[in-house]
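These notes concern the structure reproduced below.
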Amino acid sequence: SMSLSAAAQQPPVERVDVETIPVQDDLEEMVIESQPESTNHPKQEKDVDTDDDDRAAAVRTDAGQDENVGQGELSQKDRRRDKGDGRENDDEDDDEDEDDDEDEGVRVQTHFEISAASGAQKEEKKAPPVTIDLLGTLRAKFEYQPGEGDARFQVRNARFGVAGEIYSKLAYCMEIDLSDEGKIKMVNAYLGTKLYKGLGFTIGFMRVPFTIDAHRSPHTQYFANRSFIAKYLTSYYGSELSGDKISHYVKTLGSRDLGIMGTYTFTKQVPLKLFLGLFNGSGINNPSWNNKINIIGRVEFGRAEGFRAAASYYNGSAPRHAFVVERDGVSSQEELNQKMNMVGAELHYVTGGFFIEGEYARRYLKTKVDNDDILNTTMTAALIHSYYRFEMPRRFVMSYIAPMVRWDLGNNMDYLNTANTVRETVDANRITVGINFGFGKKLVNSEIRLNYEKYFLKERPGDFSKNKLLQDKFTLEVVAAF
């Protein structure tokens with residue numbers, strides 16, 4: 001007579017094949033590169049290198065790691081920065097951009113990625129013992145919900161950090177967000193170096209290179225709001241006792257973790273990059289003791305221009321958390337392990353100003369009580385987005401205009417009903433259309449974004465009228481990054 005009361009009685013969703021994110025392939029620069037989410041889509045594609053936090057050349061991990069993937073328009077420097085994200089700057093063509101990356105160091109340095117191939121060039125120059133690059137990202141937005149006529153202003157991110165190299169051998173990055181949904185959070189804190197040729201590693205608090213879209217930083221995203229993959233894929237849930245009342249909660253593992261990531265980049269003739277990481281699996285900057293570690297593996301193949309494909313696998317557990325378990329009519333709160341496995345695949349194509357990318361991912365959660373499988377759930381998410389960048393004449397204030405469109409899907413997404421604190425699951429499709437106006441050559445570094453999101457829900461959650469999360473909306477966002 002044992003049952004689990006953590007909103008568990010919901011039927012599991014059918015699993016879907018997962019596609020992973022293309023990871024950075026450029027290892028030419030030994031130094032960790034952090035890429036900001038750049039706006040030069042065609043070039044950004046190169047930035048798709050998947051080592052979000054391992055990129056050495058840009059030195060900035062978080063800012064560029066997640067979001068530079070698949071940005072074909074990014075400059076080579078941006079691409080390397082994106083490599084920090086592990087997604088965008090994989091191409092070995094970035095060698096030509098190494099000098100540029102140093103000039104742009106701050107911007108690209110949003111995400112760190114170890115590029116084992118880029119140390120030789122710097123040795124030819126007399127570099128200072130320590131280099132320091134300032135990193136910054138500011139996103140301010142206005143949102144309007146036409147259904148109810150509600151509106152709000154928000155500062156979504158206000159990031160600041162430093163990154164650089166020590167004796168051209170060791171790359172470092174430290175970055176905080178002063179306004180991550182109104183809270184102060186550490187974003188990146190890691191060190192990286194190369195061991196031998198294409199082999200390198202990064203250790204510390206960094207992005208986990210699983211999905212390409214989740215791996216992008218705020219300034220390298222293409223749209224004002226994140227995709228379902230980036231927002232919901234790593235969520236998990238539980239329940240707590242408050243007197244005689246059972247309250248559910250939904251949390252997320254996030255796209256960052258404490259651990260170590262190794263990367264190996266093959267030669268220019270073989271555009272292949274491998275990632276292997278070991279992480280705590282305890283969530284955002286949580287140095288808890290564990291008797292198990294979470295493992296991630298990723299393979300990327302292709303160059304910045306043309307086609308690039310990637311596949312990822314994640315095996316581990318969510319942090320130990322509470323569930324309300326009922327035995328013989330008596331409810332008690334217990335700390336349980338929740339197994340988390342994820343698979344994903346990605347494919348993108350970039351040529352000139354045109355960029356298109358698709359991604360598919362699945363997450364499996366398994367909860368056991370007394371060695372019995374009480375609740376197994378599967379979440380499936382997918383997206384396809386594309387843009388074309390039109391360059392503007394010099395006499396214009398704007399440097400480019402980039403119309404964009406995105407379709408994304410989320411099945412069995414964990415959702416907390418704020419009206420009664422009960423966990424629900426939601427199936428949704430969304431169409432996002434927008435246009436970005438850029439003030440610089442790089443695609444996402446400085447721009448104005450206009451977006452409209454249209455949601456298609458299979459069934460509305462209980463608090464739909466009050467919770468604006470899944471409602472249609474217009475968004476005006478201004479982004480600046482350096």
Side-chain angles (χ1 to χ4, degrees), residues 21 23-24 27 29-37 47 49-69 80-89 108-116 135 137 159 161-165 170-177 180 185-194 200-212 214-220 230 234 252-263 273-287 293-298 300 312 314 316:
I21 300 167
V23 180
Q24 304 168 336
L27 297 179
E29 289 202 13
M30 157 48 196
V31 180
I32 296 179
E33 297 182 8
S34 71
Q35 318 174 41
E37 296 178 281
D47 296 340
D49 293 11
T50 308
D51 290 71
D52 264 42
D53 297 328
D54 297 359
R55 199 116 221 175
V59 182
R60 181 178 184 177
T61 54
D62 199 320
Q65 295 173 337
D66 325 341
E67 312 175 12
N68 294 336
V69 177
R80 291 184 176 180
R81 298 172 181 177
D82 293 339
K83 291 180 180 179
D85 291 344
R87 310 261 165 119
E88 303 276 351
N89 297 331
V108 175
Q109 295 168 345
T110 300
H111 292 331
F112 282 94
E113 177 183 81
I114 296 179
S115 299
L135 313 175
T137 299
R159 295 186 177 185
V162 295
E165 298 178 9
L170 185 67
Y172 68 90
C173 179
M174 297 176 287
E175 189 176 12
I176 62 172
D177 197 328
D180 187 346
K185 295 181 181 179
M186 185 171 73
V187 175
N188 288 302
Y190 57 84
L191 298 164
T193 186
K194 72 174 181 180
F201 78 93
T202 301
I203 186 169
F205 180 58
M206 70 193 85
R207 280 190 178 274
V208 178
F210 180 73
T211 68
I212 187 173
H215 207 54
R216 291 185 173 115
S217 295
H219 65 282
T220 58
T234 62
T252 180
L253 195 60
S255 60
R256 290 178 173 79
D257 205 344
L258 288 160
I260 184 170
M261 171 66 68
T263 60
K273 187 171 185 178
L274 307 178
F275 300 78
L276 179 63
L278 306 177
F279 295 92
N280 280 349
S282 302
I284 303 297
N285 195 26
N286 181 11
I293 58 174
N294 289 9
I295 301 174
I296 183 171
R298 180 178 176 82
E300 296 179 356
S312 304
Y314 186 97

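Any value given below was found using the heavy atoms of this structure, including those in side chains, with hydrogens, waters and symmetry copies removed.
Considering all non-hydrogen atoms of both residues, Tyr172 and Leu191 come closest at CB-CD2, 3.4 Å. Between Ser255 and Ala214 the shortest heavy-atom distance is CB-O, 3.8 Å. Heavy-atom minimum distance, Phe205 versus Val187: CE2-O, 3.4 Å.
Here OH of Tyr314 is found 4.5 Å from CG of Leu253. Values are rounded to the nearest 0.5 Å. For the atom pair Ile260 CD1 and Met206 CE, the distance stands at 7.5 Å (nearest 0.5 Å). Of the inter-residue distances, the one linking Ile293 atom CD1 with Leu258 atom CG reads 13.5 Å to the nearest 0.5 angstrom. Note that CE of Met261 is 7.5 Å distant from CG of Leu276, once rounded to the nearest 0.5 Å.
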Query raised in the report: Can you check side chain to side chain contact (heavy atoms under 4.5 Å, CB included) on Asn280 and Asn286, steps first, answer last?
Result: CA-CA 8 Å; Asn280 280 349; Asn286 181 11; over 6 Å; no
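For the pair Thr234 (side chain) and Gly254 (backbone), a donor-acceptor distance under 3.5 Å is present. In this structure, the side chain of Ser312 engages the main chain of Phe210 through a donor-acceptor pair within 3.5 Å. The backbone N or O of Gly281 lies less than 3.5 Å from a partner atom in the side chain of Asp257, making a donor-acceptor pair.
Remark: Asp180 engages Arg156, Lys185 in a salt bridge (charged side-chain N to carboxylate O under 4.0 Å, His left out) (not counting sequence neighbours).
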